[in-house]
There are 2 protein chains.
Amino acid sequence: MDDGRTESAPLTKQDFEALARFRFGIRRYLRFSEEAVRSHGLTPQHYQLLLALKGFPGREWATMRELADRLQLRHHSVVELVDRAQKQGLVDRAPHPPDARAIRVQLTAAGQRDLARLSALHRDELRRMSAVLALPTWEGPEGAAG
Amino acid sequence: MDDGRTESAPLTKQDFEALARFRFGIRRYLRFSEEAVRSHGLTPQHYQLLLALKGFPGREWATMRELADRLQLRHHSVVELVDRAQKQGLVDRAPHPPDARAIRVQLTAAGQRDLARLSALHRDELRRMSAVLALPTWEGPEGAAG
DNA sequence: GCCGATTGTATCGTGATACGATATTAACCT
DNA sequence: AGGTTAATATCGTATCACGATACAATCGGC
């Protein structure tokens, strides 16, 4: 149990408050997201899936494995998620020529539309919540950063 | 006034990538948190509870209602959470003199210890993940700093 | 001191969903 | 051909927040 790894200084009350504030920010953001998303008939997971596709670096589709990484899920759970989303007409499976084992999960027109609306809401909310969601600054004894 | 680009401009591919990257960051952070926390025998919810207490602005305890707000849960669900945490010896119930209906949920010595260790890990990880967890900058065509 | 509102507690069931375990199929690569 | 990887399929399990509902204690106003 005792790993005795104390390379950093013990946290101050300020540090705890900063950590808590950040976590609170995340909770509030996810909470907002959930309500926004559900009011559009989607689940948070669906939205995350759509966003991971449209927001994939450089392209707008991904394979199951890539999704598992981006969503931090077992690839096995991703299949279930994609199944559900496909049943709702949000995403699509397409062949992946360079490797026939893999497939491309991509957005349908409906998925695009829902995602665009929801993402706009999310962007606005992120702007609004910048105070709570900003990373802690960890001001040390050295001096202030601004 | 409606300055246009803030609220209704359609999102660019860059915007989607920024949103997705941020969400990815959150997922990774929570994933890290979960593993770190579980390896110490706690659940993510327990850690959040402890952190909300120790990180409560100005003090180190909170009432059920306050916790419901900070954790974004129904006050009713907080009771269950506190029960579980108390059963594990992490938190404690103490009377709240100014209002006998309310109670003070506070950390036990064990809770303090676990929280201190875990929070240090979290702080380090936050530092490491600053690139993914930083808020999107939303650079518009006119180039404005938030 | 009564009454409505608030705070916490208790219980039961429900829904959502990620996961582990396990197996199968197909395609890849050497 | 053989070993590996990607996707799929099933089944069961665990977690957990929640709604609904009720009750007890306390507070505050009058």
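The chains referred to below are lettered A, B, ... by the order of the sequence lines, with proteins before strands, and numbering in each begins at 1. Predicted model, so just to flag it, every value in this text is computed and none were measured.
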* Would you mind reading off the distance between B:His75 atom NE2 and D:dG19 atom C1', rounded to a whole angstrom? => 12 Å
* To do: Figure out the CZ/C1' separation between B:Arg93 and D:dA25, and round it to whole Å.
  => 15 Å
* Asked: Between atom CD in A:Gln86 and atom P in D:dA9, what is the gap in whole Å?
  -> 10 Å
* Of A:Thr43 and A:Pro97, the one whose closest DNA chain C nucleotide lies more 5' -> A:Thr43
* In one Ile/Leu/Val/Met/Phe/Trp/Tyr side-chain cluster, 4.5 Å: A:Val105, B:Phe16 -> yes
* Between A:Arg27 and B:Ala100, name the one whose nearest nucleotide on DNA chain D is closer to the 5' end. => A:Arg27
* Tell me: CD of B:Glu34 to C1' of D:dC16, nearest whole Å? -> 12 Å
* Asked: Between A:Leu42 and A:Gln88, is any pair of side-chain heavy atoms under 4.5 Å apart?
  -> yes
* Asked: Quick one: does A:Arg59's side chain get under 4.5 Å of A:Glu66's, heavy atoms only?
  -> yes
* Output the single nucleotide from D:dC18, D:dA6, D:dC16 whose closest atom is nearest the side chain of B:Ser77. => D:dC18
* To do: Would you confirm whether the ring centroid of A:His122 sits within less than 6.0 angstrom of the ring centroid of A:Tyr47?
  => yes
* **Closest listed nucleotide, where the reference is the side chain of A:Glu80 and the choices are D:dC18, D:dT10, D:dC27** => D:dT10
* Can a cation-pi geometry be assigned to B:Arg28 and B:Phe32, taking NZ or CZ under 6.0 Å from the six-membered ring centre and within 45° of the ring axis? -> no
* Asked: Can you check the A:Leu67 CG to D:dA6 P distance for me, whole Å?
  -> 13 Å
* Distance check: side-chain N/O of A:Arg65 vs OP1/OP2 of D:dA6, anything under 4.0 Å? -> yes
* Considering heavy-atom distances to DNA chain C, does B:His76 or B:Asp99 have its closest nucleotide positioned more toward the 5' end? -> B:Asp99
* Asked: Rounded to the nearest Å, what distance is computed from the NZ atom of residue A:Lys87 to the P atom of nucleotide D:dT8?
  -> 13 Å
* Atom pair distance, as rounded to whole Å: CG in B:Leu71 and P in D:dC18 -> 10 Å
* Between which nucleotides of DNA chain C, 5' to 3', does chain B make heavy-atom contacts below 4.0 Å? -> C:dT6 to C:dC19
* Asked: Within this structure, what is the CZ-to-P distance between B:Arg84 and D:dA14, rounded to whole angstrom?
  -> 16 Å
* Which is true for A:Arg38 with a 4.0 Å heavy-atom rule: it touches a base, it touches only sugar-phosphate, or it touches nothing? -> nothing
* To do: Select base, sugar-phosphate, or nothing to describe what A:Gln45 touches, counting heavy atoms under 4.0 Å on all strands.
  => sugar-phosphate
* Between A:Ser33 and B:Arg23, a side-chain donor and acceptor under 3.5 Å -> yes
* Closer to the 5' end of DNA chain D via nearest nucleotide, is it B:Pro44 or A:Ala102? -> A:Ala102
* Do B:Val132 and B:Tyr29 have side chains that get closer than 4.5 Å, going by heavy atoms? -> no
* **Side-chain touch A:Arg38/A:Thr43, heavy atoms, less than 4.5 angstrom** => yes
* Can you check whether B:Arg74 has a side-chain N or O nearer than 4.0 Å to OP1 or OP2 of D:dA20? -> no
